[in-house]
Amino acid sequence: MTLIEGVLAAAGVLAVAGCAPATGDDGPLHLSGEPATVCAPLPDYAEAAFGVNLPNGLPADLVIDAVDPVDAEHIVIGGAYLMPVTEEYRLMLDALPPTDQFPDAWRDAVPALGEELPGGPAVDLVIEVVADGPAGSLDGIAITYSTGGRTYVERASLALELTQGECR
């Protein structure tokens, strides 16, 4: 390989690396909280609303591009929604739709993917999770989002376990 070919190859690697979504602490969406697991029985929660509590003060142009389960076993994502909530009462897990806990707020929920965050003081990302086996689990949700012309990935560390028996 000539020196010019080596420089061009290195530039190509840098260009490709520059196109990848940024991860870590450089984006404005920082999800707080220690890793924890919520457990629920099947079949009651075979289709459930799993909440990711988004922080306040996010940029108005923030768009959620994708939500993906992290290390999922027998759980698939069926949809994602943005639901206005109050500061004091946030979604963790409920049957879908989450009208038992949020009868009024669910009426104002909008599809999350490709949409800017709705206005208001507090918004939860509601992930429709569906068990496709006798038990299921996931270790969190990876949220790919864009703002200010850049793309980022943030991980929600709340895990989910759906089981036929007792929760651990």
What are the two closest heavy atoms between Pro28 and Leu58, and how far apart are they?
-> O-CD2, 3.6 Å

With a 4.5 Å limit on heavy-atom distance, are the side chains of Asp26 and Arg150 in contact?
-> yes

Asp104 meets the salt bridge (Lys or Arg N to Asp or Glu O under 4.0 Å) criterion, sequence neighbours left out, with Arg107

To the nearest 0.5 Å, how far apart are CG in Asp139 and CZ in Arg155?
-> 6.0 Å

Are Val67 and Val85 connected, step by step, through hydrophobic side chains (Ile, Leu, Val, Met, Phe, Trp, Tyr) whose heavy atoms are closer than 4.5 Å?
-> no

Nearest heavy-atom pair of Leu138 and Pro69: which atoms, and what distance?
-> CD2-CB, 4.2 Å

At what distance, to the nearest 0.5 angstrom, does CG of Leu62 lie from CG of Leu117?
-> 5.0 Å

Test applied, ring pair (Phe, Tyr, Trp, His ring centres under 6.0 Å); reference residue, Tyr81; option that passes from Phe102, Trp106, Phe50 | Trp106

Could you tell me whether the side chain of Leu160 reaches within less than 4.5 Å of the side chain of Ile75, counting heavy atoms only?
-> yes

Could you check if a side-chain atom of Thr163 sits within less than 4.5 angstrom of a side-chain atom of Leu42, using non-hydrogen atoms only?
-> no

Check whether Leu113 and Val70 end up in the same hydrophobic cluster, where Ile, Leu, Val, Met, Phe, Trp and Tyr are linked by side-chain heavy atoms less than 4.5 Å apart.
-> no

Quick check: does any side chain N or O of Glu154 sit under 3.5 Å from a backbone N or O of Leu31, one acting as donor and the other as acceptor?
-> yes

Joint hydrophobic cluster, Ile64 plus Val110, side-chain heavy atoms closer than 4.5 Å | yes

Which heavy atom in Ala48 sits nearest to a heavy atom in Leu96, and how many Å separate them?
-> C-CB, 3.9 Å

Distance from Leu82 atom CG to Glu116 atom CD, nearest 0.5 Å?
-> 11.0 Å

With the side chain counted from C-beta on, respond yes when Ile77 and Ile141 share a heavy-atom pair under 4.5 Å apart, and no when they do not.
-> yes

Which heavy-atom pair separates Ala122 from Asn56 by the least distance, and what is that distance?
-> CA-OD1, 3.5 Å

In sequence, state the C-alpha distance, the side-chain angles, and the governing distance for Leu91 and Val126, and then conclude on side chain to side chain contact (heavy atoms under 4.5 Å, CB included).
-> CA-CA 8 Å; Leu91 175 66; Val126 180; 3.7 Å; yes

Would you give the length of the straight line joining atom OH of Tyr145 to atom CG of Leu54, rounded to the nearest 0.5 angstrom?
-> 10.5 Å

Any donor-acceptor pair under 3.5 Å from Glu47 side chain to Gly78 backbone | no

Selection residues 72-90 - residue pairs positive for salt bridge (charged side-chain N to carboxylate O under 4.0 Å, His left out), sequence neighbours left out | Arg90-Asp124

Taking all non-hydrogen atoms of both residues, which atom of Asp61 and which atom of Gly148 are closest, and how far apart?
-> OD2-N, 3.0 Å

So, does Gln164 use its side chain to make a donor-acceptor pair with the main chain of Pro134 at under 3.5 Å?
-> yes

Looking only at heavy atoms, the pair that brings Ala142 and Val153 closest together is CB-CG1, 4.3 Å

Can you find a pair of side-chain heavy atoms, one from Ile143 and one from Leu29, that are under 4.5 Å apart?
-> yes

Without swapping roles, check the side chain of Asp94 against the backbone of Gln101 for a donor-acceptor pair under 3.5 Å.
-> yes

Is there a path from Leu125 to Val38 through hydrophobic residues (I, L, V, M, F, W, Y) whose side chains come within less than 4.5 Å of each other?
-> yes

Joining Ile, Leu, Val, Met, Phe, Trp and Tyr whenever any side-chain heavy atoms lie under 4.5 Å apart, the cluster holding Val63 also takes in none

Mark yes or no for whether Asp108, through its side chain, and Met83, through its backbone, hold a donor-acceptor pair below 3.5 Å.
-> no

Rounded distance (nearest 0.5 Å) linking atom CG of Leu158 with atom OG1 of Thr37 = 7.0 Å

Answer with yes or no whether the side chains of Asp65 and Thr144 bring together a donor and an acceptor at under 3.5 Å.
-> no

